[in-house]
Colleague: 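Below is a structure I'd like to ask you about.
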Amino acid sequence: MSAAGGTKERWIEGIGSLEEINARICAPVLNPAHTWRWWAALAFSGSLTLLMLGSVGWLFGHGIGIFGNNTTIVWGFPIANYVWWLGIGHAGTLISALLLLTRQKWRGSLNRFAEAMTLFAASMAGLFPIFHLGRPYYLYWITPYPNVQGLWPQWRSALVWDLWAVGTYITFSALFWYVGLVPDLAMLRERASSRWARRLYGAFALGWRGSARHWEVHERFYRYMAALAVPLVVSVHSIVSLDFAASLEPGWADTIYPPYFVIGALYSGFAMVVVLAAALRWGCSFEPFVTRRHFDMIARVLLAASIIMGISYATEWFWAWYGGERTERHLITFLFTGPYAPLYYGQLLFNVIVPQAFWLPRVRTNIAPVVIISIFINVGMWLERILIVWSTLSRDYLPSAWRIFLPTFWDWALLTGSLGAFMFLFLLFVRILPAMPAHELRKLWIEENTP
Amino acid sequence: MSEYLLVEFDSPHEALAGARQARDGGHAAQDVLSHMPIEGISDCLGRPLKPPIGWAMFIAGAIGAAIGYFMQWYSAVIDYPIISGNRPLDSWPAFLLVPYETTILSAAIFGFLSWMVMNGLPRLHHPLFYAAITERAVQDRYLLVFPRDATLREWIADNLHPRQLHEVRE
Amino acid sequence: MPSLKPPSGLDRRVALKLLAAGMASAMARCSRPDEEIIPYADMPEGLVAGEPMRFATTLSLAGYGRGFLGISIDGRPIKIEGNPNHPFSLGATDIFAEAGVMSLYDPDRSKAIRRGDTISTWGAFSSAWRHATHAQDGQGLALVTGRVVSPTTLARIGALKNRYPQSRWYRYEPVHDDAARAGARQAFGKVVTALPNWADADVVVALDANPLGHGPDELRIARAYAARRGKAAKRQRIHVAESIWSLTGAAADVRVAVTPAHLVEIARAIANACGAHLGTPELPDFAKAFADRAGQELLAARGRALVLAGDSQPAEVHALFHWTNAQLRAPVSYLPSQDIVENDHAYELCALANDLHAGRIQTLIVADANPVYDAPDSLRIAEGIATVPFSAHIGLYRDETAHGCRWHLPMSHALESWGDERALDGTASIVQPLIQRLYATRTRDDYLAWLANEDVTKAYDLVRKTWQRGAPEAVEASWRKALNDGVIANTAATPLSLPVDRVSDFPGMSRPRGMSAVISPDPSVWDGRYANNAWLQECSKPFTKQVWGNAVQIAPGDAQRLGIEDEDTVDVTIDGKTITAPAVLMPGQADGTIGLHWGQGRLEAGRIGSNIGVRVCGVGARPFARVINGAALQKSASTVPFRSTQAHTRLQGKMEQLFQIATPSEIARTSPKKENRAPSLLPVPPKGDYAWAMVVDTDACIGCNACVVACQAENNVPVVGPEEISQGRDMHWLRVDSYMRPHGYTERRGFQPVPCMHCEYAPCEPVCPVEASVHDHEGLNVQVYNRCIGTRFCEANCPYKVRRFNWFDYSGEQAYADEGVALKAQHNPDVSARGRGVMEKCNYCLQRISRARKTAEKENRKIAEGEMVTACQAACPTRAIHFGDLNRADSDVSNLRKAAQHYTLLEELNTRPRTTYLKRIFNSDENG
Amino acid sequence: MAQLFRPGANSIAVIVIVALFAGPAAAIAFAYFLWNSPYATDQNLTRAQPVPFSHLHHVGELGLDCRMCHTGVEKAAFAGIPSTHICMTCHSQIWTNAQMLAPVRASYASGKPLHWQRVNRVPDYVFFDHSIHVAKGIGCNVCHGPVQKMALMRQAEPLTMGWCLECHRHPEKYIRPKDDVFDMYWHQPFDQLEVGAKLIRQYLIHTDHLTDCSTCHR
């Protein structure tokens, strides 16, 4: 690129040298500034994590009767939380993979922490199906393992598919993330002061020397993984959507579900990335790497996604009306007029209406509004998930089975607890590992600064 | 015991140029240490690098797919056929999802293993680490690696005009 | 002897436990504790361990006996079934009979003699009795009982009377028939029991009469009713005029809802139609139309027409209808009343109150009655009893009266007692114990005999004495036969032929001010004596679907007028007394009427029944008045939760497909159809040795809930309790959905029992990740509890929502888990008790199928048609539930599936249910 | 700089990584074999009994028929443990004052039953029925082993579900003529498979239903 077009086009601002990049990126790990913020946040999220652990103990002690579920609305918060968290977990891998394949320069500043987010969010997601089981200690029966009963999983069940999809996704993301980390771990190995820290980072750096062979293998492997990641991500939330779509229930048995779920996943995921990016920018002074332009780009993505969500909702209404199926129609009227109506309007507002503000460049390029709208989007997406679970089961085929779901304290405790645990893990991550991929940013900086 | 001569450059381009020159001068560098990938430099080494990691992953994926399907088919059709919603015992459409995932899973895992093998990692202890400069190689420098040899050293000093030369001894 | 080292179990088990823990308890099938087998020291004759045995016995309702069979395994009664030989069971049961076992094992039953609150001894009581202050001749000695028709008990009372000539016996039954008795006196000059021969009537007109509702005659009538619903027989037409919904009203072909005052006018109109000249009735048009039509049809069917007046009707109407029936030559048999006491029930209770307050009673024995709860507050019975020097209560529970009395003597449950009962028609049957008495209790007869200090005081001897007839060996033979058959041969009374006095004058009813409260016994707990029976408390009432409480039923019109919403809490004020309860809107109820139920609001029922709902029998001046005028209704300040198992009952538009109705002519027009099924990509189901299927005839179903409780007893279905119900959770495997469809000026109601559909293409199965929900080769959709991990995907994907989940450890943590031991004894050992976190559901009584199959296979034959009977099918008084093998072309179910009125619930989903339905048929082609 | 790691570290690192992948697999395999082993199934386990009853003596030496004591075996699910009364029908005549039999006599006198320890046992959720197996030609010793050789009763087979299925899937391998069910010395004919197949048809055994879950679990 030309030096002339320099400043405006840049993704890294106000950096004078490679050393500066390294120093900034290692700072939170090796010599952090204003740590009190971090400790405060850690304490807060830690207490929420304790709340989660407590509720889980209570749950296993008393049984899932402590949730608000009932005879007909057999699924409640845990399933909604599962879908929501997993959705958030989709952005990371997709950012690093899709943007890598499409050679997007702004990927560099986001992929590392986005992948971490993916990992933590997916782990949270993975927990909820276990919490929701009547007999969680028999979870392993879903896996094919040699046993004295001579029994196997029932492979036609979407839940078994979930297990494989989520399991694969978490393993895959972890590998992808770790391999990307290795060169930076090598850097930390050399920069860390204490001998033990160096040995620790050194061990995980596996002796990376940055030799030409290393880079050759690394680049290829990284690209192939990216190529695998995209179909994987798409498959995972499609399979999750089959928990609902592969059923007979009104409002669930919809062919639109898989794409609609995948987009929804990216949507919430990118929204969460915005929040975390802002937090890092503020907390770790990563201003040079996470610029207004980054937020602008994500905002555009969110805008596009919000429009697709709007279309998906409209499609559901249209088919309910056009298909003329009694229960489908009744379900839509129920959504608009029933006891859940406020939530449904909230969903539409947050997921479709509010994000339209991104049409205005002024909104897109200012970090505060982007972050606020992103939080709205996350709330809206959670509402969508819970309504998908509730509304259908509340208005099933037989009126005699119509019930209403009333969440209990434990429903809320587990949800907020999981948020805390997620935050907790993320905080640990920024203090232990480089939250920005130093080697990629160095490359980018050199590209941007070579005449 | 192996001893090296490390030739330091300031920028990727100089490093690349140096490597080319050395190759053309008949003294192709053994290796390059850099904090970032330098496009095309692998062709300037003694023998070009073409790690077949793609093939490794492809084969692993294929095997993963086969195992994934066989597992379901064997358990649901052969070992314990059970009537479930009167679906066919071999419900192949439903049985396609698990293989899809196992394909990717095994490709990834095997890919990671080959990543290590082909990189010769883990290699926590390496003679090059005796050189202090290797610290910077993973941070902001570019080093060509040659065998330690006086004549070669002079030739390099004259032709590649590097920033600096380092020798690695035990 | 060889030295035995104990199984070196412990260390190994510990090791295994740790290991298991280490593997995240990966291998749950580890470390089994030692288990003992304890054989009999001396095995009883004929007993085979674990095999069910049936014994004939008798349970009474409102004092009248009905013969049933008790199933007992290893000496534990676990289930009650109908006795085909008994004319008032005819092989069927009702909820009270089914729940009998639950009462037997109820841990709250009284177990010890008590003086005040302290546990006392028999010795202490007998000395106290000897010093009781009543005179030698019994002056001041009072005995209070419910209705008594048992020969043995009557003999005891007689003996007591001999011993104490001046003593006084007060008998009253809360759910009484005073109006009918008075009517009979007017018509025939004496009290008689009028039993309609329902099956012989082509036209029935019921005026607030509820013969299909719970009561001693229900099962007999229901059988007859069903007999006339068959597609072959010439259909009966049932006209019902009533104020609030009754089961008979729901079963009616033509129904109007009018106020009690108008009911009397309808009676007048009908009598006029039959030739009485009683002046012109004042009726609104629709009611007049109803009366005219009913009158015409009655006349047209003279000889096969029948009019019935309900207990809420004044004596005049009863008398008038006796006359009308005579004019119609109606199929009614008049029998001498078994209830030998001349006075009416309400009168007796008032007399008791007066004598108590007048201090005419020094010694009071209350035997198996609960006047303190039953009597209206205005009688101040409790205060009266408090003034009595010596008062003793004999009863199953330490109830309100027991608390009011000085002494309480625990009574044995019928299933652990010897005794006898008579049915409405006098048919006598033996009460035979199925188990040794669980606690130190005695039967009512024991106590009475002792009080009368008879020489014999063992219930068994007393009963034997009653039935000493003829030569000893003959006696023994007939005794064995009686025990075996469950009825004592030719003890039924012979019908009387009675001249009917001409009814001259017929007073109209003055238009009442305010609203009229129409009160009836609770459909679940009767007059309150079953209030502590958890099965019955959780058995949802037919129309309101309410459980664990009672409600105020009001007409939508009134609700609108008073600004009352469904489930609002309301105050009903009657004679200055206020009842606060949730309101439930009942389309099809007469404006200006309020529906109330007796039986709730018990204070001392036990841990289950106390403080549930509101006490209704306290209001009013007359005891047990069925209609009280001048009631006021208003929205209440307080709120009482309304707990029901079905919130939505009204079907409109496309939803009417869910509960299909037809008229005979429509059925005639539709030709019997082949089973035409929607195409499917799925293969045809494997053809097993049997293809079990169920057809539920919603036309025969009267919504009595017997099937629900039967299922509960047979399958160890736990009770969840009021809190869980409010959460929207319940456990019934078989629910009876109650539906109504708007129809002209009224509503048409019907019932749809919904067990598992056992879909051939079951949606619940492919979604289960662990093969816990699977099909077997006989077409059963079975749930493997021990494999279930509780994902609940199956229920989520079940369009019929028939699966039930153990959110908590219901089978262990019932309201009385602490004393659950006795209840465990009720559990059917052939059925697993489900633990926490597993799904369960109807399995067509798999244990019965399995037993039938084994019996058949041991004889190298197939299960015969009709050999396999499910619990719900066995209980059903109208034989609405048909079960059998579709592989037999000639089987009952195969034929019904071809019938014109056959339909499949949610057929459009093409789940191919094995449980299907027959349409409800309204035998009246007028529409609206 | 000095090296961070000694040369040995390279090998250690490799070993660790290999362990990461091999470890879980090994654990699962181990668990499976453990849970199939007598250690977990209680196979061959004898238990302390109030009276050291010897099937070896009663069946092997005296040749008593199983049904003499296990009276329910043809009628009911539960084969039945003999009541004290049954023991005493003989032991009121012979060994009338054997020390070993004191508990039996005590029980007979007091009417308090003997407390035996269960040896062969399936979980509560398995509804096993002796009578039907006996009626369809499954011999006692197929499951209970050579009882006539056991001085003390022990669990002869693992009694795991997998073990049950083996027979429910291939009854022809084990079925025998009804008359030989109680014959402890019965030996399979050389053409067992043909004979078995014939008996299955003859006894109207519905093989497809045998592996339905509902056959044993409800």
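Numbers restart at 1 for each chain; the letters A, B, ... are given by sequence-line order, proteins then strands.
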Colleague: Measure the CG-CD1 distance between D140(B) and I21(A) for me, rounded to the nearest 0.5 Å.
Modeller: 10.0 Å

Colleague: L242(A) versus chain B, heavy atoms under 4.5 Å apart: side chain, backbone, both or neither?
Modeller: side chain

Colleague: Could you tell me which portion of L124(B) (side chain, backbone, both or neither) has an atom closer than 4.5 angstrom to a non-hydrogen atom of chain A?
Modeller: both

Colleague: Does any non-hydrogen side-chain atom of W115(B) lie less than 4.5 Å from one of L206(A)?
Modeller: yes

Colleague: Where do P12(B) and I446(A) come nearest, in terms of heavy atoms and distance?
Modeller: CG-CG2, 4.2 Å

Colleague: Using the ring of each side chain (for Trp, its six-membered ring), is W152(A) parallel, tilted or perpendicular to Y74(B), with breaks at 30° and 60°?
Modeller: perpendicular

Colleague: Let me see the working for W215(A) and I38(B) under side-chain contact (heavy atoms from CB on, under 4.5 Å), right down to the final yes or no.
Modeller: CA-CA 8 Å; W215(A) 285 122; I38(B) 304 173; over 6 Å; no

Colleague: Side chain, backbone, both or neither: which part of M71(B) has a non-hydrogen atom closer than 4.5 Å to chain A?
Modeller: both

Colleague: In terms of heavy-atom proximity below 4.5 Å to chain A, should H125(B) be classed as side chain, backbone, both, or neither?
Modeller: neither

Colleague: Look at the side chain of D31(B) and the backbone N and O of A212(A), then say whether any donor-acceptor pair between them is shorter than 3.5 Å.
Modeller: yes

Colleague: Name the region of S211(A), side chain, backbone, both or neither, that has any atom closer than 4.5 Å to a heavy atom of chain B.
Modeller: both

Colleague: How far apart are the closest heavy atoms of Q139(B) and N22(A), and which atoms are they?
Modeller: O-ND2, 3.3 Å

Colleague: Does the side chain of M57(B) come within less than 4.5 Å of M225(A)'s, by heavy atoms?
Modeller: yes

Colleague: Taking every non-hydrogen pair under 4.5 Å, which of E219(A), R220(A), E19(A), H439(A) racks up the most with chain B?
Modeller: R220(A)

Colleague: So, the side chain of R123(B) versus the backbone of W208(A): is there a donor-acceptor pair under 3.5 Å, distance only?
Modeller: no

Colleague: What ring-ring contact (aromatic ring centres under 6.0 Å, His included) pairs are there with at least one residue in residues 17-65 of chain B, not counting sequence neighbours?
Modeller: H27(B)-W155(B), H35(B)-Y142(B)

Colleague: Could you tell me if the side chain of D184(A) sits less than 4.5 Å from the side chain of V138(B), heavy atoms only?
Modeller: no

Colleague: Under 4.5 Å between any side-chain heavy atoms of Q154(A) and I82(B), yes or no?
Modeller: no

Colleague: Could you look at F112(B) and say if it's the side chain, the backbone, both or neither that has a heavy atom under 4.5 Å from chain A?
Modeller: both

Colleague: Might you work through the side chain to side chain donor-acceptor pair (under 3.5 Å) test for T102(B) and W164(A), ending with a clear yes or no?
Modeller: CA-CA 8 Å; T102(B) 51; W164(A) 288 91; over 6 Å; no

Colleague: Among residues at least two apart in sequence or on other chains, which ones pass ring-ring contact (aromatic ring centres under 6.0 Å, His included) with Y222(A)?
Modeller: F176(A), H218(A)

Colleague: Can you tell which of R191(A), E216(A), H214(A) has the highest number of heavy-atom pairs within less than 4.5 Å of chain B?
Modeller: H214(A)

Colleague: Relative to chain B, which segment of Y169(A) carries a heavy atom at a distance below 4.5 Å: side chain, backbone, both, or neither?
Modeller: neither

Colleague: Got P51(B) and F221(A) here, is their nearest side-chain heavy-atom distance under 4.5 Å?
Modeller: no

Colleague: Checking R223(A) against chain B: side chain, backbone, both or neither under 4.5 Å from a heavy atom?
Modeller: neither

Colleague: Which value, rounded to the nearest 0.5 Å, describes the distance between M187(A) atom CE and R136(B) atom CZ?
Modeller: 12.0 Å

Colleague: Would you compute the distance between atom OG of S235(A) and atom CG of L97(B) and round it to the nearest 0.5 angstrom?
Modeller: 8.5 Å

Colleague: Return the OG1 to CZ distance between T134(B) and R209(A), rounded to the nearest 0.5 Å.
Modeller: 10.0 Å

Colleague: Could you tell me whether a side-chain N or O of R213(A) sits under 3.5 Å from a main-chain N or O of M118(B), the two making a donor and an acceptor?
Modeller: yes

Colleague: For residues K443(A) and P37(B), determine if any side-chain heavy atom of one lies less than 4.5 Å from a side-chain heavy atom of the other.
Modeller: yes

Colleague: So, for E101(B) and L232(A), which heavy atoms are closest and what is the spacing to 0.1 Å?
Modeller: OE1-CD1, 3.2 Å

Colleague: Between L143(B) and chain A, which part of the residue has a heavy atom less than 4.5 Å away: side chain, backbone, both or neither?
Modeller: neither

Colleague: Please give me the minimum heavy-atom distance between W155(A) and A76(B), naming the atom from each residue.
Modeller: CD1-CB, 4.3 Å

Colleague: Which atom names give the shortest non-hydrogen contact between L228(A) and A107(B), and what distance separates them?
Modeller: CD1-CB, 3.8 Å

Colleague: Write down the atom of A108(B), the atom of F172(A), and the distance for their closest heavy-atom approach.
Modeller: CB-CD1, 3.5 Å

Colleague: For chain B, which of L151(A), T168(A), V160(A) has the most heavy-atom pairs under 4.5 Å?
Modeller: T168(A)

